[in-house]
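Lettering of chains follows the sequences in order, A, B, ..., and the numbering in each one begins at 1. Both backbone and side-chain heavy atoms feed into the values below; hydrogens, waters and symmetry mates do not. Everything numeric in this text was worked out from a predicted model, so none of it was measured.
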Amino acid sequence: MIQITLPDGSIKEFPKGTTPYEVAVSISEGLARNVLAAQLGDHVVGLATPITENTSLVLYTWNDTDGKDVFWHTSAHIMAAAIEQLYPGVKFGIGPAIENGFYYDIDFMNYTISSDDFPAIEAKMQEIIAQRPKLVKREVSKKEALDYFTQKGDEYKIELIRDLEDGTITFYESGHFVDLCRGPHLFDTAPIKAVKLLNTAGAYWRGDEKRKQLTRIYGITFPKKKELDEYLTLLEEAKKRDHRKLGKEMELFTFSQKVGAGLPIWLPKGTALRERLENFLKKVQKQYGYQQVMCPHIGNVELYKTSGHYQKYGADSFRPITTPQEGEEFFLKPMNCPHHCEIYASKPRSYRDLPLRLAEFGTVYRYEQSGELHGLTRVRGFTQDDAHIFCTPDQLKEEFCKVIDIILYIFKVLDFKDFIAQVSLRDPDNKEKYIGSDENWMKAEAAIIEAAAERGLNTTVVKGEAAFYGPKLDFMVKDAIGRKWQLGTVQVDYNLPERFELEYVSPDQQKLRPVMIHRAPFGSMERFVAVLLEHTAGEFPLWLTPDQVIILPISEKYQEYALKVKALLEEQEVRTLIDERSEKAGRKIRDAEISKIPFMLIVGEKEEESNMISVREHGVGDLGSMSVDGFVSLLQQKIKQELN
RNA sequence: GCCGUUGUAGCUCAGUGGUAGAGCACUUCCUUGGUAAGGAAGGGGUCACGAGUUCAACUCUCGUCAAUGGCUCCA
């Protein structure tokens, strides 16, 4: 007999060789019906794995990430099996489960695949699933594995096997399909009830752009048809929140082929929105002791040679521009920090001047690969809410903490609850990618980790994601369709002060080097507006929204009264429109609701006589009638709450 | 940059080898109304751009540009 410890702490005895499925059966019929995978000790395993020693056991269902992983991993195999039947001779790369579904990278040889082929593949998958094949694990020797795939002619699997240790190689067989796979898998295909292939894309073999590009097919499966329908509805809903669509509808920004790819042009409403965001941040920064500065949009090549950006990015930047007579080279500004270093260097600095916090809404230009451009989130010209803090090494942690405070305050005001704080360190195996001494890197990395801990941030640490000059703390949020975008960033930098030979005089008359913090709470105005649009579905907070109030006269007879109300509101800086069309009230209300304006004021005979307004709140309904003054104080109170 | 898809009116989209259509929006007129669509008429498109095939190209072929889903990249 063996002892199995369940998650509730209870210990049960079973005969040696009992499987997780049998344990599930012993617990309840419902669990046995829903269980997908299990975890023995630290390992996720299939349900048919015999348990041979005392261990802990967790049973996973669809409600667990690990259960879904196994479910989708098996689904990827089924897709591969279907594709192999439909397109004999294709070669398979890898096919893992991902956050929402799975994919398989496939070399389709001479076939070309598009989404038009999906229904046939889905049908074949359903056919295979209906046969209910078991997924049978088989341990094979390295030689046997190599022989199998050599005979099959699949060089991708051969390459994968070469990297594996003999004795750890397993195949999974489902019907006629055999795949190299670590597992685990579902016991059989019975739980898979709904199948949908989503899209196709190119993907380099092993993520290396120098190697062959395979065709990646993304798909998702569910244990219930209804869940698939809900997921597809969710995707549809997400599309409605897409900032590219909303930005166009709300007339915030646009793009023009003539202006150029990746160069957003801001329309009046979008510009006003951006300015409100900027003023909001300026006000916060002023409280934290920042000073605003301004710099030109170009800088002499020497500036970037000094900073190190030229060596690192010169070849991949917009080509330099030159003066016609002297041939002097200038780069479009890709970063604000070198300019800010020169501001620091513009006069001798004492320890009394530190921390020196220089802030600029600096527009920068970077050459992004054409395939990378995406709405406002990835562009070639954008404005950073940048600032550089020059401080003594002793002040570093406190300054870092204050920056985190600013970012957290902004996220709170704008209701970003669901963010990821990521500490990006350098790749210890690839140090030549970075500039600066080991010692400084270690100091910088320690400072970030300590500051984040001090502010109670729940961080994830990723090696190899640091900037080339220093480690960073990034704040990321997800967009409408679940893609992660980096917003706020805080970076420690010992290198630029050194390269620019920045100094301050210490109390004992020594010349010492300051430390620098780069930070941008929004990241870029463009990306932040994009993410905010998707986050709010275009229903911005009252203080930020382009139009706060629209007046809807019942008929043209009340136009004059509407104008009077508008004037009163504008005196109080309330952003107000009038719907002057000769339409019925119902129509005006409908259009105002669709345009997401927070408040509608209905004015007609009653209101004019009593010198009142009828207020309707977007998405809420009729709030009854009140005086203009009463309405203004309602707005002011609401805004105060939002900014609190 | 690479692989795939797409490009027709301001927006969303139909469409055919014989130089174009719908709904919404817009303009004008009628209507003067009370909390999610009143009615009528009208204007608006070198069918992304450039070549080629053809008697004839918006339609077929090639190229360019742009957008888009990924991959790689991201100071």
Within the structure provided, determine whether A/Tyr103 and A/Ile94 are in side-chain contact (heavy-atom separation under 4.5 Å).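 They are in side-chain contact.
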
Nucleotide [N], atom [atom2] - distance to [atom1] of [X] in whole Å:
X        : N      : atom1 : atom2 : result
A/Asn100 : B/rG70 : CG    : P     : 12 Å
A/Ile597 : B/rA36 : CD1   : P     : 16 Å
A/Ile98  : B/rC71 : CD1   : C1'   : 13 Å
A/Lys239 : B/rU6  : NZ    : C1'   : 13 Å
A/Ile594 : B/rA25 : CD1   : C1'   : 12 Å
A/Glu556 : B/rU28 : CD    : P     : 11 Å
A/Phe118 : B/rG69 : CZ    : C1'   : 10 Å
A/Gln559 : B/rG33 : CD    : P     : 14 Å

Is it true that a side-chain atom of [X] and a backbone atom of [Y] form a donor plus acceptor pair closer than 3.5 Å?
X        : Y        : result
A/Arg519 : A/Val490 : no
A/Asp385 : A/Gly523 : yes
A/Glu583 : A/Lys588 : no

Nearest-nucleotide 5' precedence on RNA chain B, A/Lys245 against A/Arg366: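 Between the two, 5'-proximity favours A/Lys245.
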
Taking the nucleotide of RNA chain B with the nearest heavy atom to each, does A/Ala466 or A/Gly375 sit closer to the 5' end?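 The answer here is A/Gly375.
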
Just do the salt bridge (charged side-chain N to carboxylate O under 4.0 Å, His left out) check on A/Asp579 and A/Arg587 with the steps written out, would you? CA-CA 10 Å; A/Asp579 187 344; A/Arg587 178 55 183 273; over 6 Å; no

Per the atom types in the model, does the base of B/rG10 pair as donor or acceptor with the side chain of A/Glu251 at under 3.5 Å?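 Check fails, no donor-acceptor contact within cut-off.
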
Below 3.5 Å, does any donor atom in the side chain of A/Arg581 face an acceptor in the base of B/rC26, or the other way round?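 Result: no qualifying N/O pair found.
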
Is the closest basic N to carboxylate O distance between [X] and [Y] below 4.0 Å?
X        : Y        : value
A/Glu593 : A/Arg616 : yes
A/Asp591 : A/Arg581 : yes
A/Lys478 : A/Glu99  : yes

Hey, what are the protein-to-nucleotides 1-5 of chain B N/O distances that come in under 3.5 Å?
| unit_1 | atom_1 | unit_2 | atom_2 | d |
| --- | --- | --- | --- | --- |
| B/rG1 | OP2 | A/Ser370 | OG | 2.0 |
| B/rG1 | N9 | A/Gln369 | OE1 | 3.2 |
| B/rG1 | N7 | A/Gly371 | N | 3.3 |
| B/rG1 | N2 | A/Tyr204 | OH | 2.3 |
| B/rC2 | O4' | A/Tyr204 | OH | 3.4 |
| B/rC2 | O2' | A/Gln213 | OE1 | 2.3 |
| B/rC2 | O2 | A/Gln213 | NE2 | 2.9 |
| B/rC3 | O4' | A/Gln213 | OE1 | 2.4 |
| B/rC3 | O2 | A/Gly202 | N | 3.0 |

Just the atom pairs and distances: protein N or O near nucleotides 37-48 of chain B's N or O, under 3.5 Å.
| unit_1 | atom_1 | unit_2 | atom_2 | d |
| --- | --- | --- | --- | --- |
| B/rA37 | N7 | A/Arg590 | NH1 | 3.4 |
| B/rA37 | N6 | A/Arg590 | NH2 | 2.8 |
| B/rA37 | N1 | A/Arg590 | NH2 | 3.0 |
| B/rG38 | OP1 | A/Glu583 | OE1 | 3.4 |
| B/rG38 | OP1 | A/Arg587 | NH1 | 3.3 |
| B/rG38 | N7 | A/Glu583 | OE1 | 3.2 |

Only one of A/Trp205, A/Tyr104, A/Phe92 forms a ring-ring contact (aromatic ring centres under 6.0 Å, His included) with A/Tyr156, so which one is it?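 One option only clears the test, and that one is A/Trp205.
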
